[in-house]
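Computed from a prediction, not measured in an experiment: that's the story for all the values here. Along the sequence shown, residues are numbered consecutively beginning with 1.
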Amino acid sequence: MVQLSRLGPGLALAAVTVLLLGGGTARVGPSTAAAGVAGTTAGVQVIGGPRTEDIERVVDILTQDLGLPLPAGTRVHVYTTREAFRRGLVKDAAMGEEGADELAAFAIGIARPGRALLNGRLAGGGGEWLRLVAHELTHVAQFELAGGEGRAEQWLAEGMAEHVAFQALERLDEGSLAMHRRVALVRVRRQPAFAHGRLDLSTLGSPRDFTLRHQREGSVETYHLTFLLADFLIEQHGFGAMVEYFGRLKRQPSEAAFRSAFGYSIAAFETQALAHLQAVTAGL
């Protein structure tokens, strides 16, 4: 688990991933890609890291199995040190120096339209690396569906990205969606808002509000909450409705898109989801 620091205003629109599944050091060795030579996998260009095959496997699941769109020319930048990640945030994500310094201190990944930037060393190897790739590329797909970033409810964007990541891990025999659901149901009880009988989704809606709140209330617990909210929506309405919500954001504001895709307001969903989670966690 990494230590979190407060974000400056310049990071408000970043779709950020922090270390959620434990520590570890990535097994990133030298390669031609690490020396700056780009590779291409399944229409996605990989720059700066050796794990092209891993990324290709994830891309295939997202695009072929789950039907998520990645724009032509999508780039995945992989950095092997925190300092390289910080420099990449400035060069490849057009961040200011101050914002990049703060973000590199706690994050392991960031998505922007058409690109994902990953700190491969902090992510560790194995399942955590694959989770990171799938999570950030899901954000790239969300931006493509929505016609830009920052248009969705951030709690739903993060919850869907986590759900897709664990769907990918299951297909790769690196994890279990059902097991993660069980873990999340246990750990979400320590999420401060939920522990006090509320969700307060209105304060998780924007990227900046989401970031400030998960720093304040616990990153792991808050991401588990978002996963369970997305899981409940998918269980009730199917994964296709989730994709429909993001697609509708091209022409509708978030509240209207949510109602069109799922059939009720965000406030009504919040009431139902809270009751559902309270019921299923009561006996744990």
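For Gln236, the side-chain hydrogen bond (donor to acceptor under 3.5 Å, both in side chains) test picks out no residue, with sequence neighbours left out. Partners of Pro113 according to the side-chain contact (heavy atoms from CB on, under 4.5 Å) rule, which considers only residues two or more places apart in sequence or in another chain, are Phe143, Glu149. For the side-chain contact (heavy atoms from CB on, under 4.5 Å) test, no residue two or more places apart in sequence or in another chain qualifies with Ser202. With sequence neighbours left out, Ala84 forms a side-chain contact (heavy atoms from CB on, under 4.5 Å) with Tyr79, Thr81, Arg87. Evaluation of the side-chain hydrogen bond (donor to acceptor under 3.5 Å, both in side chains) rule for Glu221 yields no partner, not counting sequence neighbours. Applying the salt bridge (charged side-chain N to carboxylate O under 4.0 Å, His left out) test to Arg75 and every residue at least two apart in sequence or in another chain returns nothing. For Asp209, there are no salt bridge (charged side-chain N to carboxylate O under 4.0 Å, His left out) partners, not counting sequence neighbours. Every side-chain contact (heavy atoms from CB on, under 4.5 Å) that Ala268 has, sequence neighbours left out, goes to Tyr264, Ser265. The ring pair (Phe, Tyr, Trp, His ring centres under 6.0 Å) check on His163 picks up Phe227, with sequence neighbours excluded. With sequence neighbours left out, Arg86 forms a salt bridge (charged side-chain N to carboxylate O under 4.0 Å, His left out) with Glu83, Glu97, Asp101.
The shortest side-chain heavy-atom distance between Leu199 and Leu229 falls under the 4.5 Å cut-off. Within the 4.5 Å cutoff, side-chain heavy atoms of Val76 are placed close to those of Leu137. Between Phe258 and Phe269 the shortest side-chain heavy-atom distance falls below 4.5 Å. Between Leu70 and Val59 the shortest side-chain heavy-atom distance falls below 4.5 Å. Taking the side chain as every heavy atom from C-beta outward, Thr138 and Leu62 approach each other to under 4.5 Å. The closest side-chain heavy-atom distance from Thr222 to Leu204 is below 4.5 Å. Asp65 places none of its side-chain heavy atoms less than 4.5 Å from the side chain of Gln167. When side chains are defined from C-beta on, Val78 counts as touching Trp129, because their heavy atoms get closer than 4.5 Å.
Within the structure, the salt bridge (Lys or Arg N to Asp or Glu O under 4.0 Å) test picks out no pair touching residues 254-277 (sequence neighbours left out).
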*I would like to know whether Arg57 and Glu53 meet salt bridge (charged side-chain N to carboxylate O under 4.0 Å, His left out); could you show each step before the answer?*
CA-CA 6 Å; Arg57 293 159 70 200; Glu53 182 179 350; 5.4 Å; no

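With rounding to the nearest 0.5 Å, the separation of OG in Ser254 from CZ in Phe246 is 8.5 Å. Atom CD in Gln142 sits 8.5 Å away from atom CG in Leu68 (nearest 0.5 Å). To the nearest 0.5 Å, the span separating NE2 on His224 from CD on Glu162 amounts to 8.5 Å. Interatomic distance, Glu144 CD to Thr74 OG1, rounded to the nearest 0.5 Å: 7.5 Å.
With hydrogens and angles ignored, the 3.5 Å screen pairs a side-chain donor or acceptor of Arg213 with a backbone N or O of Asp200. Checking side-chain atoms of Arg115 against main-chain N and O of Ala93 turns up no donor-acceptor pair under 3.5 Å. A donor-acceptor pair under 3.5 Å links the side-chain atoms of Gln191 to the main chain of Phe194, judged by distance alone.
In summary, the side chains of Tyr245 and Ser260 do not present any donor paired with an acceptor at a separation below 3.5 Å, with no hydrogens or angles considered.
A pairwise comparison of heavy atoms in Leu249 and Ala257 identifies CD2-CB, 3.8 Å as the closest pair. Here the closest heavy-atom approach between residue Val90 and residue Ala100 is recorded as CG2-CB, 3.6 Å. Across all their heavy atoms, Ala184 and Leu228 have their closest contact at O-CD1, 3.7 Å.
Taking hydrophobic clusters as Ile, Leu, Val, Met, Phe, Trp and Tyr residues chained together by side-chain heavy-atom distances below 4.5 Å, Met179 does not share a cluster with Phe166. Hydrophobic clustering (side-chain heavy atoms under 4.5 Å, transitive across Ile, Leu, Val, Met, Phe, Trp, Tyr) keeps Val183 apart from Leu130.
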I'd like a table of donor-acceptor pairs (distance under 3.5 Å, sequence neighbours excluded) in which one partner is a side-chain atom from residues 271-284, with atom names and distances.
| unit_1 | atom_1 | unit_2 | atom_2 | d |
| --- | --- | --- | --- | --- |
| Thr271 | OG1 | Ala267 | O | 3.3 |
| Thr281 | OG1 | Leu277 | O | 2.6 |
| Thr281 | OG1 | Gln278 | O | 3.4 |

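When Leu118, Asp92, Asn119, Ile110 are each tested for a side chain to side chain contact (heavy atoms under 4.5 Å, CB included) with His77, only one passes: Asp92.
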